[in-house]
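So the structure is just underneath, and the comments pick up after that.
In what follows, chains are A, B, ... by sequence order, proteins preceding strands, each numbered from 1. Quick note: numbers below take in every heavy atom, side chains included, and nothing from hydrogens, waters or symmetry partners.
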Amino acid sequence: MSTDMPPLSTEKGNASQLPRPQRVLACLLCQQRKVKCDRKYPCFNCIKSRAQCVPATQLSRQRKRRFPERELLERLRKYEDLLRQNNIKFEPLHNEATSGKFSSKLERPYDSDEEPPKITRASPSSDANSDRVYDSKNILDVMRQEFRDPDKDSDSSDDDVNAGEFKDAWDQAAPYTDQLLFGSRNTAVDISTLHPEPVHIFRLWQLYLENVDPLLKVTHTPSLQGQVIEAATDLSNIRPTLEALMFGIYCMSILSLEVVDCHAIFGSPKADLLTRYQFGCQQALLNCKFLGCNERDCLTALLFYMMSVRSSTTPQALSSLLGVAIRTAQRMGLDNESALIKCTPLEAELRRRLWWSLVLFDTRISELADSKTSTLTPTWNCRIPLNANDSDFRQEMKEHPQDLESCTEALFVIVRSELGNFIRHARYHLDLTSPALISLVKDVHPSPVIGGSEVDGLESMIESKYLSFCDPENPLHFMTIWTARAFIAKCRLAEQLSKVPSASTPQADVQPDFTVSCALSMLECDTKLLNSPLTNRFIWMFYLYFPFTAYIQISQKLKRRPISSQAEHAWEVMSDNYEARFSFLRQEGIPMMAPFFKIFARFVLQAWEAREASSRHTGELLTAPRIVVSIRHSMAQIAQKTESFATGPPDTGAMVGVDGFPMPTAMDFDNHGLSFCFGEDSNYPAGELGAYSNISMTAPLDFDLDQLDWSAMDWSLGNTPGSGSTGLPLPR
DNA sequence: GTGCTCGGACCTTCAAGAAA
DNA sequence: TTCTTGAAGGTCCGAGCACC
């Protein structure tokens, strides 16, 4: 380190009292050029070369386990022993008396020049889901076996039927297949012109590392970083799949930014940049021939593209596109351990992470699209990714790294996969979605209490295996803790609701108070996540999840029993969550979706009206909760806005209420608004409940879907809620 | 002569593990 | 609890090369 570095206090007393000064790093350009940086912004070199000076951010240090000394000495002993056995002279560190531990070949571990033992089940976390190997047969392989000449031991034969040859033949016969999606290109598009300037590429990469990668982990950033930097130096000569991935990364980085920040950093509106990079990603995917491409980078780019267009398309359309991605992943063997085992440990791990990301995203979107097809079933056997850091993986390694029993940078992804894995094996989930698959059910996480629920087992495992190691001050850990707990509350709610087979059946096992407690827990966890400054970087993920189910559950209970022991607390919890959720909108300056807001408002206001009616009988004076005051105000604004539109030209600006909440406007709906405000759960009120459409909420929960006049809604505004999501058991 | 790239020596940081 | 160690991140010198 040069002497230019700011001095750090070495006095222990001072060090504990004074905050350590922030280390100033050389700017990105100087780092890249390996030249001295004066660490002023802009720095001398950037001024000189008229480049934009971008401060570098410190990478989190991922430490590797030390090579244990004892193990090192044992190895040395072993090699000395081998030298002795072969009569080779050497200067021994150990005398003969102490050597000989590994004198027999049978006793010793594998020799260094031998192939290390193949690891077939590297992870303890794989226990739950990898014991079945569903290794399907390829008809061409079977034929090859059938007609193989027994005198030839080679795999290749002139008579062989080669699947690769077939693919080449198809490629030649139908060269324009990829234009099935993303349209045809009448004029050549030079996508190198769509890239941002190099300095912005580095900024986008940093944003990706900070905001997106921790929640998805579908790229190996240590090895990808070099490729991105290299690509940034020559934009006209990038490998097609890498270029697609880079555009995917741009899309996700921009998506993760708030509107104001995006403008401040890149000097362009967020929507413009998203459109530009999504178009670039489409073109780059076309260049990869993505519909037939078997490269992971290409599929990852497609995932990023789909995630970034989520808020500007319908779940039905996105679900269809996801079908393409899932089928591609299956063709590549991402869902199958017997195919994954043939890859290097790093490649196999990235493929597992990509598969889980695709499945969880697909499941969410399928629910919104009212699709009865669920990918979250026990019919595939890709195991949960390893709990390991990126730095534990190297491209050339042959052995899987250790599955750590501590918090790694993949924590969020691992916990999310564990939760998804629970769902796909949960009896109540399969009973509702795919009853034919119940025979495949096994107790993934048996309850710690005899006769306890499936969710008890899940909670116990998640808390002890992951959350007990978490540091609540760490943003990723905080995110994981409260996301997992919110999800578990959702599972409990779903499990209770699944006990109600139909409207005509009495609610024998369902405990309304317990379901409301679950719903309140969901809201409390959600509020914690939204209100914490630790999760600012991950807000883009919250947009996916609006706890609509919880609001419905609580509102219906309050409407039925306006005065109860839970009532006061419930109004407080809802008010807190409403403020936390809707303050996003104020920050983003994005108008809400009035039709969705009206539905949401109706549920809440009906519950409060029931409370007011009961107080009229008793003469009690009531103070309306914050959520009711704000909703009523917003509804008045909507009515006023609609009226003024009927008599004059529309005002396209978002309205802001006197209470500080942004007001829904009837006309200027923005597709993003739905996501920011209600997330995909806003599609709930469609009369059906997505994957759980056979749950009857009517009788036991007094939930009357007929109260909603769906035909009166204008569903043509981007997000078509002809579908339902209960917001029930989906991993966040 | 100027500017750029990049190998690699050197420095700093800080968590793991040992020692007290 | 403190100390030691060493892995990993970070810095930038200087050789080599391209270009004007």
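- For A/E409 and C/dA8, the CD to P distance is 13 Å, given to the nearest whole Å.
- One interatomic measurement links the two molecules: CG of A/L29 to C1' of C/dC12, which rounds to 14 Å at whole-angstrom precision.
- Side-chain contact annotation: A/T219 with A/Y208, donor-acceptor N/O pair under 3.5 Å present.
- If you measure from atom CG of A/L28 to atom P of C/dG9, you get 16 Å, rounded to the nearest angstrom.
- Contact between the side-chain N/O atoms of A/Q31 and the OP1/OP2 oxygens of C/dT11 is found at a separation under 4.0 Å.
- Side-chain N/O atoms of A/K34 and base N/O atoms of C/dG14 include no donor-acceptor pair closer than 3.5 Å.
- Of all nucleotides listed (B/dG3, C/dG10, B/dG7), B/dG3 comes nearest to the side chain of A/K48.
- Ion pairing of A/K217 with A/D390 is present here, as a side-chain N (NZ or NE/NH1/NH2) and a carboxylate O approach within less than 4.0 Å.
- Candidate nucleotides C/dT11, B/dT5, C/dC12 were compared by shortest atom distance to the side chain of A/R33, and B/dT5 ranks first.
- For the pair A/N389 CG and C/dA8 P, the computed distance is 11 Å after rounding to whole Å.
- Distance CD1 (A/I47) to P (B/dG3): 15 Å, rounded to an integer number of Å.
- If you take CD of A/Q32 and P of B/dG3, they are 18 Å apart, rounded to a whole angstrom.
- Rounded to whole Å, atom C1' of C/dG9 lies 14 Å from atom CG of A/L209.
- A salt bridge does not link A/R353 to A/D213: none of the charged nitrogens lies less than 4.0 Å from a carboxylate oxygen.
- Partner of A/N531 under the side chain to side chain contact (heavy atoms under 4.5 Å, CB included) criterion, chosen from A/T527, A/L534, A/T535: A/T527.
- Counting to the nearest Å, the P atom of B/dC11 and the CG atom of A/L25 are 19 Å from each other.
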